[in-house]
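Data block below; observations after.
Here is how names work: the chains are called A, B, and so on, in the same order as the sequence lines, proteins then strands, and each is numbered from 1. On a predicted model such as this, the values are computed, not experimentally measured, just so you know.
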Amino acid sequence: MSDFAREHLAEVMAGLAGIDRAEALKSLTVPREPSHGDYAFPCFRLGKNAPAVSADLAARFKPTPLLARAESKGPFLNFFLEPTAFAREVLTRAFQAGDAYGSSSAGAGKTVVLDYSAPNIAKPFSIGHLRSTVIGGALYRLFQSQGYRVVGINHLGDWGTQFGSMMYAWGRWGDEAELAEHGVAALKDLYVLEQRLEKAKDAAEWAAQVPGWLEDGVALPRIADLYRRTLAELKAGEEPEAQARAWFRRLETGDPEARALWDKFRAISLSEFDRVYRRLGIHFDEPTPADLVPGGTTKLNLYLGESFYNDKMEAVVQEARARNLAVESQGALIIDLEKWKMPPVLLLKSDGGTTYHTRDLASATYRAMTFGVADGGGMLLYVVGADQRDHFRQLFKALELLGLPWAKDCRHLDFGLVRMKTEEGASAKMSTRRGRGVLLADVLDRGVEFTRRILEERNLPQERKDAIAQAVGVGAVVFNDFKARRGKDVDFEWSRVLDYDPETKSFKGETGPYLQYMHTRLTSILRKYDKAVVADVDFARLSEPEEAALVKLVHAFPGVLRMATEECEPSIVAGYVLDVAGRFSSYYHDRDRHKVISEDAGLSAARVLLCAGLRQVLASGLRVLGVTPLEEM
RNA sequence: GCCCCCGUAGCUCAACCGGAUAGAGCAUCGGAUUUCUAAUCCGAGGGUUGCAGGUUCGACUCCUGCCGGGGGUACCA
């Protein structure tokens, strides 16, 4: 299924002008000016005298059931759809397909391995990870809609020297009661305390920062006491960085105490992540039991995080050595990429430890083998921030040099950085190490809280209000990430994420709530229509130009999903649903001219069917993006 | 220094892979509500698409240079 009118026209055009059908399809455009027609074909490439060619083609054009006429206007050949037949085709298809409308089987037999979210356990689940999570979730559903088999992988940052920092901090400041009460927020505080301690030039500088932390919403209530105590210990010559490294070495060498701490931290973080994923409707695919970490007994190992590859890295290093790719340099083992003007891939550090390069080489290989990508049957996609562009260029080049043919099927789907507005008004990259960063759960909670305030005045049962508040608050935050193309950087500002007007108590503009609201309007019309919606209506009754425009939007949906999938760009869907909602809203408000349900039964039936089509594409589009379509709000 | 990305209305972004008169939201100003639920709608103002060249029938889109912003630049990930 597809935007069939366009393909039909390409067929006609190919026959008319004697050109390739694909070429015709590529050249077809939609005139900006509606009176120029529904489609336009620029004739410049068909001859020196484009206006003459256009006129000739127009004269030879024979109408089809779907295409009423062709008009030459200068060098352009403009086509006009037969509106009744077009509306019948579009609305019948949408009605009959239901939730399947817009899906296709273009990707049948192909597998997409999608790496997304990947929060770091030692760090908070911040709004930076939100982007990867919601973009990844949308891409997951997009590829699914096009018939691909999708494997969602959460490459958790659950390994690395950062855990040494955590363990050291835990030994120094940790408190079971606080951990139980604050969970991951307490872990974050521990990590931040330690990182600032490493960064600070001396104890005095570190101490000077502490009062500010209290205002940053740090969870640990004992913090003021902590820093006084730590000051004394620092003066005794303690070196936090060295101790953190020592702790990680213990973890790597299988020290039981370190391992127990690692399990504990990981479990606390994962239960928090799971809560967030449930709220966002995010799903990852579970590996088979055989894929689990050796010795791993909890279900929390299902995410295939970095630790999963601990026993798979040696093979990569061996392979690089065997192919004479790996060379010694400054005491480390690297793959040199100087020829491609890139820094080297670091396989083994000078202390013999592995790096994230090593792990990513191992994970890519594992995925390609396990999920059938190595046979050329799919793709490995990484939804990771733009700051890691070089990393992935290096990674893919290294895979290529390792002689892996599927290296060409790897792609980094980068997205713009989330930056915080600083006090000075400038924006800066968020950094957990410096303690900046906004917790995702807080953002979601704040969205839900705003919504709850609006709903107070509604006459709805409390339990409905709770569910709506969740869906609207979360929808506002989620949709915000799709307003711009994923490559754009975003400055994090509360007022932009939640464009909430306290005076009118409403969300404004191009927002998730706006879209959800329009969906409730459509459903309430369909609810109010007491007869069953049928496809057998008089389509000629949809004669208003606004109605023709709406039919075109319903028609466009399959193409929108296809293009969004091809370009891995969910914002295309976002722009589309905004278009649908906006046009419908205008239509809906012009009650004098086109009230949907009226005395005129035939007219009502036709308009109701149109609304059913609009509701269908709006609901499907929202679901793809991870925004819940609502029936009332 | 080198590599990569981005410059479109005051702000945040679109523009159907090079097509006709560059469009939305926010903000500002002015209107609309005995309703198919106002978390809405209608209207107005607002542009030398960073600058300068080039490619061609045609450039926001492609190429070169410059200016400005951001990111990266082997033992964090």
Across the strands shown, which category fits [X] at heavy-atom distances under 4.0 angstrom: base, sugar-phosphate, nothing?
X	answer
A:Asn78	base
A:Leu460	nothing
A:Met518	sugar-phosphate
A:His412	nothing
A:Ala50	nothing
A:Gln394	nothing
A:Val345	nothing
A:Arg393	sugar-phosphate
A:Ser329	base
A:Ser585	sugar-phosphate
A:Glu632	base

To the nearest Å, how far apart are [X] [atom1] and [N] [atom2]?
X	N	atom1	atom2	result
A:Phe396	B:C3	CZ	P	22 Å
A:Leu417	B:G72	CG	P	7 Å
A:Glu510	B:G23	CD	P	16 Å
A:Asp414	B:C4	CG	P	14 Å
A:Glu566	B:C17	CD	P	12 Å
A:Trp159	B:C76	CH2	C1'	16 Å
A:Met563	B:A15	CE	C1'	13 Å
A:Lys483	B:A24	NZ	P	17 Å

Using the [atom1] atom on both, measure [N] against [M] and round to a whole Å.
N	M	atom1	answer
B:C5	B:C66	P	16 Å
B:G47	B:A9	C1'	6 Å
B:A52	B:C67	P	15 Å
B:G58	B:U21	P	14 Å
B:G68	B:A32	C1'	44 Å
B:G50	B:A22	P	15 Å
B:G43	B:G23	P	14 Å
B:A59	B:C16	P	15 Å

Candidates [options] - which lies nearest the side chain of [X]:
X	options	answer
A:Pro513	B:A20, B:C36, B:A39	B:A39
A:His589	B:A77, B:A14, B:U40	B:U40
A:Leu455	B:G7, B:A39, B:C36	B:A39

It should be established whether [X] places a side-chain nitrogen or oxygen under 4.0 Å from OP1 or OP2 of nucleotide [N].
X	N	result
A:Thr355	B:C75	no
A:Lys595	B:C36	yes
A:Tyr356	B:A77	no
A:Arg389	B:G72	no
A:Arg359	B:C76	no

Worksheet item: Would A:Lys312 count as a cation-pi partner of A:Phe308, with NZ or CZ less than 6.0 Å from the six-membered ring centre and within 45° of the ring normal?
Response: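 Judged by the rule (NZ or CZ under 6.0 Å from the ring centre, within 45° of its axis), A:Lys312 counts as positioned above A:Phe308.
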
Any stacking of [X] on [N], going by centres under 5.5 angstrom and planes within less than 30 degrees?
X	N	value
A:Tyr514	B:A39	no
A:Phe44	B:G19	yes
A:His36	B:A20	yes
A:Tyr588	B:C36	yes

Discussion item. Check this for me: does any side-chain nitrogen of one of A:Glu632 and A:Arg464 sit under 4.0 Å from a carboxylate oxygen of the other?
Written reply: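 Yes, charged N to carboxylate O under 4.0 Å.
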
Item to complete: For the pair A:Tyr517 (side chain) and A:Leu630 (backbone), establish whether a donor and an acceptor sit closer than 3.5 Å, ignoring hydrogens and angles.
Response: no

Fill in: side-chain hydrogen bond (donor to acceptor under 3.5 Å, both in side chains) between A:Asp360 and A:His391, worked out
CA-CA 10 Å; A:Asp360 279 359; A:His391 167 66; 2.7 Å; yes

Practice prompt. Please figure out whether A:Lys508 or A:Gln388 has its closest RNA chain B nucleotide nearer the 5' end.
Written response: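 Result of the comparison: A:Lys508.
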
Worksheet item: Using purine N1 to pyrimidine N3 plus N6-O4 or O6-N4 for Watson-Crick, or N1-O2 and O6-N3 for G-U wobble, both under 3.5 Å, which nucleotide pairs with B:C66?
Response: B:G50

Worksheet item: Whom does B:G43 pair with, Watson-Crick or G-U wobble, provided both distances fall under 3.5 Å?
Response: B:C29

Discussion item. Distance alone, cut at 3.5 Å: any donor-acceptor contact between the side chains of A:Asp158 and A:Ser307?
Written reply: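 Yes, a side-chain donor-acceptor pair sits under 3.5 Å.
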
Practice prompt. Might you work through the ring-ring contact (aromatic ring centres under 6.0 Å, His included) test for A:Tyr514 and A:Phe507, ending with a clear yes or no?
Written response: CA-CA 7 Å; A:Tyr514 172 74; A:Phe507 288 105; over 10 Å; no

